[in-house]
Amino acid sequence: MLHSPEGFEEFVAVASPRLLRTAFLLTRDVGHAEDLLQTALAKAWRAWHRVDGDPEPYVRRIIVTSHATWWRRRWRGEEPTGELPERPGESPQEAVGEREWLWQALGRLPRRQRAVLVLRFYEDLTEAQVARLLGCSVGTVKSQASKALAKLRLDDTITFEGVWR
């Protein structure tokens with residue numbers, strides 16, 4: 001039987017809620033977010049002996065890069081239907097219905113711009129931390145954030161008060 005590397009289980013217990021939130025904000029789907037986090041944690045587990053310092057930025061980068069890879073290789077075998085199946089109960093995301101406009105607006109942004117906004121404003125990382133995580137310059141982070149915010153300002157489904165028109 002394989003044993004977890006030292007400190008890995010504690011890290012998962014402490015960091016999983018924050019990392020799942022990042023995955024959810026990127027995917028906008030609870031199931032995909034859970035799959036993305038599980039994939040990232042499996043990759044981190046295999047490389048745990050190479051992680052130096054705080055492992056959370058390392059795992060967050062795995063999440064972002066795995067999400068980009070999934071998007072490129074997206075499986076197209078599912079067929080959309082006009083009717084959604086019945087849900088057994090209300091999910092935590094449904095309880096935040098008043099913010100649905102934001103999820104939809106974020107979903108219309110390009111992946112890179114969405115990643116910058118999620119990491120910068122939801123995860124409250126500095127521009128330098130986002131740049132390190134995404135493997136780009138601070139200037140790129142600033143320009144991507146500026147472009148993303150400009151697109152959100154022009155989105156005609158959002159009013160300045162943050163409600164539907």
Side-chain angles (χ1 to χ4, degrees), residues 11-12 15-48 50-78 80 91-94 96-165:
F11 167 75
V12 171
S16 284
R18 291 187 302 273
L19 295 171
L20 182 60
R21 182 180 62 222
T22 299
F24 175 75
L25 290 168
L26 291 172
T27 63
R28 299 177 306 131
D29 179 90
V30 177
H32 289 136
E34 290 169 345
D35 291 345
L36 182 57
L37 177 58
Q38 183 175 354
T39 298
L41 290 173
K43 288 178 180 181
W45 183 84
R46 288 190 298 272
W48 195 252
R50 293 191 312 251
V51 176
D52 187 31
D54 182 12
E56 194 165 336
Y58 178 78
V59 176
R60 190 169 276 119
R61 179 169 177 113
I62 294 173
I63 289 171
V64 171
T65 56
S66 294
H67 176 254
T69 302
W70 284 9
W71 185 84
R72 281 186 226 117
R73 287 192 237 161
R74 183 173 32 169
W75 179 59
R76 302 183 197 289
E78 294 181 19
S91 72
Q93 287 71 30
E94 289 171 340
V96 198
E98 67 271 5
R99 294 185 184 164
E100 180 64 25
W101 61 270
L102 181 57
W103 306 134
Q104 291 180 6
L106 279 174
R108 289 188 290 271
L109 293 174
R111 286 178 302 106
R112 184 74 159 200
Q113 291 177 6
R114 185 181 333 141
V116 167
L117 290 186
V118 165
L119 296 171
R120 181 72 180 99
F121 298 109
Y122 282 96
E123 296 301 326
D124 202 26
L125 300 179
T126 66
E127 291 166 338
Q129 290 170 320
V130 173
R132 271 194 308 277
L133 193 66
L134 297 178
C136 63
S137 70
V138 171
T140 299
V141 170
K142 288 179 180 182
S143 70
Q144 290 294 301
S146 176
K147 289 175 185 177
L149 292 172
K151 283 184 182 182
L152 290 177
R153 285 184 198 102
L154 294 175
D155 191 321
D156 63 354
T157 62
I158 303 172
T159 66
F160 289 105
E161 293 80 32
V163 295
W164 292 106
R165 285 186 186 227

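- Residues F11 and V51 have side chains not in contact (no heavy-atom distance under 4.5 Å, counting atoms from C-beta outward).
- Atom CG of L117 is separated from atom CG of L149 by 5.0 Å, given to the nearest 0.5 angstrom.
- Within the model, atoms CG of L25 and CD of E123 stand 7.0 Å from one another, a figure rounded to the nearest 0.5 Å.
- Contact record, R111 with A68: NH1-CB, 3.2 Å, taken as the closest heavy-atom pair.
- Note that CZ of R60 and CZ of R18 are 7.5 Å apart. Values are rounded to the nearest 0.5 Å.
- A donor-acceptor distance shorter than 3.5 angstrom exists from the side chain of T69 to the backbone of T65, with no hydrogens or angles considered.
- Looking at R114 and H67, their side chains come closer than 4.5 Å, going by heavy atoms from C-beta outward.
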Inset, instruction - Apply side chain to side chain contact (heavy atoms under 4.5 Å, CB included) to L152 and L109, showing your working. - result: CA-CA 8 Å; L152 290 177; L109 293 174; 4.3 Å; yes
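- At least one donor-acceptor pair closer than 3.5 Å links the side chain of R61 to the backbone N or O of R132.
- Between K151 and P110 there is a side-chain heavy-atom pair separated by less than 4.5 Å.
- Between P57 and L125 the shortest side-chain heavy-atom distance does not fall below 4.5 Å.
- Contact annotation: the side chain of L133 never approaches that of Q129 to less than 4.5 Å [non-hydrogen atoms, C-beta and beyond].
- Summarising the local packing, CG of D52 is surrounded by 12 or fewer heavy atoms from other residues, nucleotides or ligands at distances under 6.0 Å.
- Here the side chain of S66 pairs no donor or acceptor atom with the backbone of I63 at under 3.5 angstrom.
- Minimum heavy-atom separation, D29 to H32: OD2-N, 2.7 Å.
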Legend entry - Chi angles and distances behind the side chain to side chain contact (heavy atoms under 4.5 Å, CB included) call for L119, L134: CA-CA 10 Å; L119 296 171; L134 297 178; 4.0 Å; yes
Inset, instruction - Could you check C136 against R112 for side chain to side chain contact (heavy atoms under 4.5 Å, CB included), going step by step and ending with a plain yes or no? - result: CA-CA 11 Å; C136 63; R112 184 74 159 200; 3.3 Å; yes
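- Interatomic distance, CG of L36 versus CG of L20, reported as 9.5 Å (0.5 Å rounding).
- Among all heavy-atom pairs drawn from A131 and V138, the shortest one is CB-N, 3.8 Å.
- Here OH of Y58 is found 9.5 Å from NZ of K43. Values are rounded to the nearest 0.5 Å.
- For the atom pair OG of S16 and CZ of R21, the computed distance is 12.5 Å after rounding to the nearest 0.5 Å.
- Here the closest heavy-atom approach between residue A15 and residue E56 is recorded as CB-OE1, 3.9 Å.
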